[in-house]
Chemist: 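Dropping the structure in here first, questions after.
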Amino acid sequence: MGKRRILIVDNSDGLRAALERVLLDLGHEVIATGDRDVALSREDLDDFDLIISDLTEDACPGVATLSEAKRKRLMVPKGTFETGPGPEVIKAFKLGAAHFADRPYADGQLEDIVEKTLSNKLRFDDELQNQGLVHEKIEFELPSELSLMGAVLHYLMERVEKLGVVSAEHSNLYVALDEAFVNAVKHGNKHDRTKIVRVTADLSASEARFTIEDEGQGFDVTAIPDPLDPANLFKTSGRGVLLMYNIMDEVAFNDRGNRLTLVKRSEHAHTGELVFPVPSKKN
């Protein structure tokens with residue numbers, strides 16, 4: 001039960017080989033390819049336990065022809081991003097865990113895979129000459145396991161710092177993201193590891209935009225007790241949301257309350273008193 005089928009789709013020969021080697025050393029069955037069309041032509045995509053892909057937009061023509069099952073795993077989001085004049089570099093990194101409901105991972109197994117995958121990815125990240133022209137989209141689909149969040153947080157903080165949005169030593173961004181992830185796993189999915197937490201990061205030199213979505217029933221964010229009210233002094237409910245509002249430049253929930261968007265801009269610093277505004281709901 002410990003052996004997993006893992007598909008790696010990456011056009012970087014060095015990173016693909018490194019990931020294949022480290023996952024083979026862990027005892028898994030690994031299939032690696034640098035050709036997206038070859039990957040999409042496979043009839044057994046749904047049989048992989050884990051799919052890891054790093055695809056540039058120009059390598060993804062004709063995405064509209066993909067089936068929904070393939071789209072969920074291998075499609076790089078389309079669209080034009082306003083990154084200023086000059087060439088535009090769009091990268092996507094997606095790590096999707098599937099089939100953990102009927103084929104559960106052994107304790108620590110998925111955590112080990114994710115940590116080793118992300119540490120290798122960081123080592124092979126491109127050293128782009130003009131970071132100001134980079135827009136990077138990163139996606140994770142992972143089961144509701146708090147043990148996985150440390151590796152994901154570390155990776156995202158490294159990417160945000162590299163693009164110059166924040167300095168890890170002088171920012172509480174980690175705290176805000178940690179609160180959001182814990183809420184999604186603990187309060188949203190109720191620690192149900194058969195439910196997925198989806199994390200998307202849209203990163204550029206000007207801002208970092210994070211979306212954290214769970215598969216829970218959601219909640220009414222306006223019903224959270226105001227943690228600044230003396231009557232609620234000893235209540236823990238709402239303190240995580242308070243932290244996020246005072247660390248981030250934007251905080252928004254969808255109507256259902258199961259998707260949270262957090263925005264941090266590089267040109268703004270938070271000063272002044274703590275605030276707890278009545279949040280506006282957005283789809």
Side-chain angles (χ1 to χ4, degrees), residues 4-36 39 48-60 73-74 76-77 87-97 105 108-142 145 147-171 173-174 177-178 181 199-205 208 210 264 266:
R4 299 294 166 181
R5 293 192 76 223
I6 301 173
L7 174 65
I8 301 172
V9 188
D10 196 294
N11 57 15
S12 168
D13 294 340
L15 177 57
R16 188 173 67 248
L19 291 181
E20 182 177 13
R21 183 169 57 252
V22 72
L23 295 175
L24 284 172
D25 288 344
L26 289 174
H28 303 295
E29 177 187 348
V30 182
I31 296 175
T33 178
D35 190 322
R36 176 179 174 275
F48 285 94
D49 299 296
L50 196 69
I51 296 177
I52 302 167
S53 64
D54 188 350
L55 305 171
T56 56
E57 186 181 27
D58 57 8
C60 302
R73 290 168 174 79
L74 295 177
V76 174
E88 180 181 281
V89 179
I90 302 176
K91 298 186 66 180
F93 178 61
K94 185 166 184 174
L95 190 153
Y105 286 86
Q109 186 185 60
L110 184 57
E111 178 183 0
D112 199 20
I113 294 174
V114 171
E115 286 183 352
K116 291 188 182 305
T117 297
L118 295 184
S119 64
N120 274 272
K121 180 67 168 67
L122 280 174
R123 222 180 314 157
F124 278 85
D125 275 326
D126 295 336
E127 294 292 338
L128 297 170
Q129 292 183 348
N130 193 340
Q131 295 290 347
L133 297 178
V134 174
H135 185 118
E136 185 169 4
K137 184 154 189 172
I138 306 167
E139 297 179 313
F140 298 94
E141 295 180 1
L142 297 169
E145 295 278 1
S147 61
L148 301 177
M149 295 303 118
V152 172
L153 274 171
H154 174 71
Y155 181 83
L156 291 177
M157 289 300 297
E158 287 276 354
R159 302 307 302 138
V160 170
E161 188 168 23
K162 184 173 182 180
L163 288 171
V165 179
V166 300
S167 168
E169 295 181 357
H170 302 96
S171 172
L173 177 59
Y174 187 102
L177 292 178
D178 184 63
F181 293 169
V199 180
T200 301
D202 282 291
L203 310 178
S204 68
F210 304 93
K264 185 67 175 178
S266 59

Chemist: Going by heavy atoms in the side chains, are Val30 and Ile8 under 4.5 Å from each other?
Modeler: yes

Chemist: Would Met157 and Leu173 satisfy side chain to side chain contact (heavy atoms under 4.5 Å, CB included), going step by step from the backbone distance to the final call?
Modeler: CA-CA 8 Å; Met157 289 300 297; Leu173 177 59; 3.8 Å; yes

Chemist: Would you check if Leu15 and Arg123 make a side-chain contact, meaning some heavy-atom pair closer than 4.5 Å?
Modeler: no

Chemist: Flag the pair Gln109 / His28 as yes when at least one side-chain heavy-atom distance between them is below 4.5 Å, and no otherwise.
Modeler: yes

Chemist: So, taking the atom named OG1 in Thr117 and the one named CG in Leu122, what distance separates them when rounded to the nearest 0.5 Å?
Modeler: 11.0 Å

Chemist: Can you measure from CD (Glu161) to OG (Ser167) and round to the nearest 0.5 angstrom?
Modeler: 5.0 Å

Chemist: Return the NZ to OG1 distance between Lys137 and Thr200, rounded to the nearest 0.5 Å.
Modeler: 5.5 Å

Chemist: Measuring from atom CD1 of Ile138 to atom CG of Leu203, what distance do you get when rounded to the nearest 0.5 angstrom?
Modeler: 4.5 Å

Chemist: Any side-chain heavy atom of Phe210 sitting closer than 4.5 Å to one from Val199?
Modeler: no

Chemist: State, with a plain yes or no, whether a side-chain heavy atom of Phe140 is found less than 4.5 Å away from one of Leu156.
Modeler: yes

Chemist: Do Arg5 and Ile31 come close enough that some side-chain heavy atom pair is under 4.5 Å?
Modeler: yes

Chemist: Do Lys264 and Val166 have side chains that approach each other closer than 4.5 Å (heavy atoms only, starting at C-beta)?
Modeler: yes

Chemist: What is the ring orientation for Phe93 with Tyr155, classed by angle as parallel under 30°, tilted 30 to 60°, or perpendicular over 60°?
Modeler: tilted

Chemist: Quick check for you: to the nearest 0.5 Å, what is the distance between Asp202 atom CG and Glu139 atom CD?
Modeler: 8.5 Å

Chemist: Measure the CG-CE distance between Leu142 and Met149 for me, rounded to the nearest 0.5 Å.
Modeler: 5.5 Å

Chemist: I'd like to know if the side chain of Ser266 and the backbone of Ala205 have a donor-acceptor N/O pair within less than 3.5 Å.
Modeler: yes

Chemist: So, do Leu23 and Ile52 sit near enough that their side-chain heavy atoms are less than 4.5 Å apart?
Modeler: yes

Chemist: Would Leu50 and Arg4 count as a side chain to side chain contact (heavy atoms under 4.5 Å, CB included) here? Give the steps.
Modeler: CA-CA 8 Å; Leu50 196 69; Arg4 299 294 166 181; over 6 Å; no

